[in-house]
Amino acid sequence: MSTAATTETKPAAPVIEKIKVKVDGREIEVPRLTADWSGKLTPTTMIQACEQAKTDVPHYCWHPQLPVAGNCRMCLVEFGTPAMGPDRKPVINPDGTAKIAKSPRPAIACATPISPGMEIYTTTPAVKQMREGVLESLLINHPLDCPICDQAGECKLQEYSVDYGQSASRFVEAKVHKPKAVDLGPRIMLDAERCVLCTRCIRFTRDIAGDDKLGIINRGSYNTIATFPGTPFDNNYTLNTVDICPVGALTSKDFRFQMRVWFLKETKSLCTSCGTGCSTLLGSREEKLFRYTPRDNAAVNGPWMCDAGRLNYKWIQRADRLKEVQVFGKKNTWAGALYQISDRLKRAQAGSVAIIASARQTNEELWLISKLKAKLSAVSDSVARFGEADKLLVSADKNPNTNGARLTGICFTEIGSNLPQIAAGIQSGKIRTLIVFGEDVTKHGLSADLLAKLETLIVSDILPNETVKLAHYVLPGAAHAEKRGSFTNTKGRVQKFMKAVEAPGDARAEWEFLHELVHNVTGQNGFVTIEGLFNEMAKDVPAFNGLNWAALGDTGVTVQI
Amino acid sequence: MDWNFIIFSLVKIAVVVGVVQGMVAYSVLAERKISAWIQDRVGPNRAAPPFMKYIPVLGPFLTRLGIFQPLADGLKFMFKEDFTPAGVRQIYFWLAPAIAVVPAMLTVAVIPFGSQIGNQHMVIADLNIGILYTFGIVSLGVYGIVLAGYAANSKYPFFGGIRSSAQMISYEISMGMSIIPVLLIVGNLNLSQIINWQSTHGWLVMYAPISFVIFMVASFAETNRTPFDLPEAETELVGGYHTEYSSMKFALFFLAEYSNMVASSAMMVTLFFGGWSLPFFGLDHVAGPGSLGLGIAHILIFVAKLLFFMVLFIWVRWMFPRFRYDQLMDLGWRRFLPLALVNILITAVWLYLRS
Amino acid sequence: MAITVNRKPLSFWEKLYLPAIAGGLKVTIKHAYGSLFQGKVVTMEYPEQRWTLPKNYRGAPYLVKDQDGSTKCVSCQLCEFVCPPKAIRITPPGQDGQAADRANAEKMPKEFEINMLRCIYCGMCQEVCPEEAIFLQNDWSHIAHNREEMIYNKEKLLALGGTHGGIQKWKHKLEEAEAQESFPVKV
């Protein structure tokens, strides 16, 4: 096993011709073709060229992962192409440069392909005037209710108003009033007045989610986004429309009126609801989680995320979280409990210990458990969790780190195959000590009666369950939002996640006390930082060879599984 | 053993100490009131026991006068947290306030605060060497302050202590020198005898005015009063030697300062202003055993003179800015000391010529 | 570079200090006489005597209601954001919270707390408020038995703040919308 980690596993891209264009006088080289939302190669547009030139072109309807609509007109720019003489040859200026014929009309940057020698102007007075005009037009019927709008703070209309807006409206007639707080589906609320009709949501549901539910009804000023009558907008990807909506028209019912976005601390994290491991941003304020939003990661989830994963965070801050260390039902300290556990494990006979880890634990924690396992010659396994998959993001494997458990040697290809053996061992009296991490084993073949036979039952978990009730030692653990670590997803992508909030009470990240336990039992000194721990693990686990914490970056690295 | 002597001495001690303490308490009030008036303010006018508001006219009047303020202050000092900072020299830290207070109270022992009531001389200890005793005790006062500055283990108190040692020693010399002409004139060290001399010959301030001026200025310096309050300069040393003190220990330093003022005033009255005597209405001779009224009148005269000097002490504090340290030393060593020496010489020559 | 300050040499009388002492006495006696007998004191006896505050005095910030008695605050949390000492703490209503007590405004704070111990009366909240719902009023004296009492909640702030009329934009907007009967399809 000497599979070196590779950073990208895309198939070798076909060689694409590069052409030179000028953006605001700066010459850059851009490929003639660029992959669009569906992966098909299409001619590169001016907005993409500007993006590569790091020039900002304001836009509402254009989105890199959606089909081009070209209806908001905000991205209008001026451009010119090399002038051709009657001989179909470029006309040359006296100084040797090509003569540019400036187009008499502006063009929308999102839908105009580039051509060799093209010059794009985004800062001319005319462009500024056009942007001001478009913005004023969009604001004609837009209500001035930023104080009650959840989008305020991350609203494109607000941002561009600062750049191109006017301080006072010239519009003296009554604004058109459209329905507010329209219930589009179980998770989405629509405010039709705020909509700028960019149709991003329509294109997303039609082309990406494949659930063509949304459309525009009525005419002219009364244009309104709506679902087909009687069919709620309820697929598993509806909340993405909230993200891509440039204004506050589509809002999440879950996050509605909960907190203003500018207070949220955004922490780079991962979704743990299935094996896909979507990159997320956790929005938290003062130790309280408010929302998950997807984080762009082309290798995993693109800019999308499913609703189920997105809303699966409330358990982290439940009031009944395990908050104290317990030894035989009495409150104790970490030092006291770890001392007793270390003592018991050191005295345990080889082969008398079994470990049931969880595939919801991080790579680092599983690796530390594998150290314990080796020292104690223990039997180990984890618990499988399978559900339904879909063709976009959701994976059938509901554990976020099954591959991590496999690679660190906690379980094998068939996850959960050792559980009957452990049950038999306890029944026969061979296994005297059981260590359980984050799983309710009473639901997985180890009944309460069976667990009662054990000499020592050590349980580390986050929420109370039947197994915790039977435990001799309860070690409160931390949810992923409360610690740092890394997961390996179903495709072998190793990604790291950061800590957003503090764990409640005495609860501690598992790797912190595992490192101490491993040190006490095996004598090997672990690492007190997650960076050191990961780097040590990468040296030890063949699949992770060559990785280090810093090199994982924000989007992770794919390894051979 | 003369039981009569012991009992009367104890009574006198109790009364004198009590009166001095009360005087201290009310001179703090006077200090606050006078400073307020000079600065166009009102001063303490709130503290009062609860029933005071039911007494018509008098109650509010006394309250506005601040009569009850010293009681409130004293109570507050008692109940404040007694804070001992970390790193101080505990024993010295506790000892310093006591050492500051004791000499201040002891000085009062030799001062004749009246002539005679019945058979009793109105002085606790009628020593033959009264003046020497006073100077001996007064020079001990500096130890309390130096010790406080040293024990507090903090830079400001330390500066305060150092300044005070230099200042007090310097001015003690001028002070001692300044009263030698008085002794030359009177020819006696007993304070009662000095007063008796004055009742027949007239107040000594007329014989030795320069001595009086030097003595007065030096006593300002000795009691750490403005314009010589360098050891506790609030603006520079945040309180100087008593910065780290709180509660009753801090109060003891206050007590010492004002007791010293009382003692200094008493000394000035005794040495230069005829003590309990007054040159008119026949108030200038010792009251006999039968004349109780005269004895009491003498005490009142003494107290009145004393209060005049107390007010002077207080008034000066709100009139002058503080001296700079080099100016202080300059004044002590290069002005007053030579002046005092010349004064001795002139007096001696004058006495020689007169005899 | 050291700078030598040239001091004028003192004259004989100045050296003697005596005129200065006399001058000091004169000034102090004048003031003492003034304050004792003429009542010329510069202080004010606080709890009984109080200042008459100018109309635009910036005291403690309180929430106000509109002329219909409705809460003006819409929980936009801009004041919480702008507050330099972080004295303001707003709990937004959330999806299930009580709706605003006037039509069309959609939301109002579930709880609105100002810690008067932290407040520095800078007036940023008043300046930033898009709803004219918070004003610095002429209240500057706060008395409480403990720190918790100094945290004023929404109820207290509204009671202290009183009424401040205004243009009532949400109400007008509702009237405008109701007037548009030509809206073609009810969605």
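By convention in this document, chain letters (A, B, ...) are assigned in the order of the sequence lines, proteins followed by strands, and residues within each chain are numbered from 1. Everything numeric in this text was worked out from a predicted model, so none of it was measured.
Other residues, nucleotides and ligands contribute at most 12 non-hydrogen atoms within 6.0 Å of the NZ atom of Lys110(C). More than 12 non-hydrogen atoms from other residues, nucleotides or ligands lie less than 6.0 angstrom from CZ of Phe68(B). By the 6.0 Å contact criterion, CD on Glu175(C) is enclosed, its count of non-hydrogen atoms from other residues, nucleotides or ligands being greater than 12. Around CE of Met78(B), the count of heavy atoms belonging to other residues, nucleotides or ligands within 6.0 Å does not exceed 12.
For residues 118-154 of chain C, an interface with chain B (any heavy-atom pair closer than 4.5 Å) does not exist. Residues of residues 304-323 of chain B having a heavy atom under 4.5 Å from any heavy atom of chain C, listed by number: Trp315(B), Trp318(B), Met319(B), Phe320(B), Phe323(B). The stretch residues 43-59 of chain C places Thr43(C), Glu45(C), Pro47(C), Glu48(C) near chain B, each with some heavy atom under 4.5 Å from a heavy atom of that chain.
Chain B forms the most heavy-atom pairs under 4.5 Å with one residue out of Thr28(C), Val41(C), Leu25(C), Ile21(C), and that residue is Thr28(C).
Asp330(B) pairs by the salt bridge (charged side-chain N to carboxylate O under 4.0 Å, His left out) definition with Arg334(B), Arg335(B), not counting sequence neighbours.
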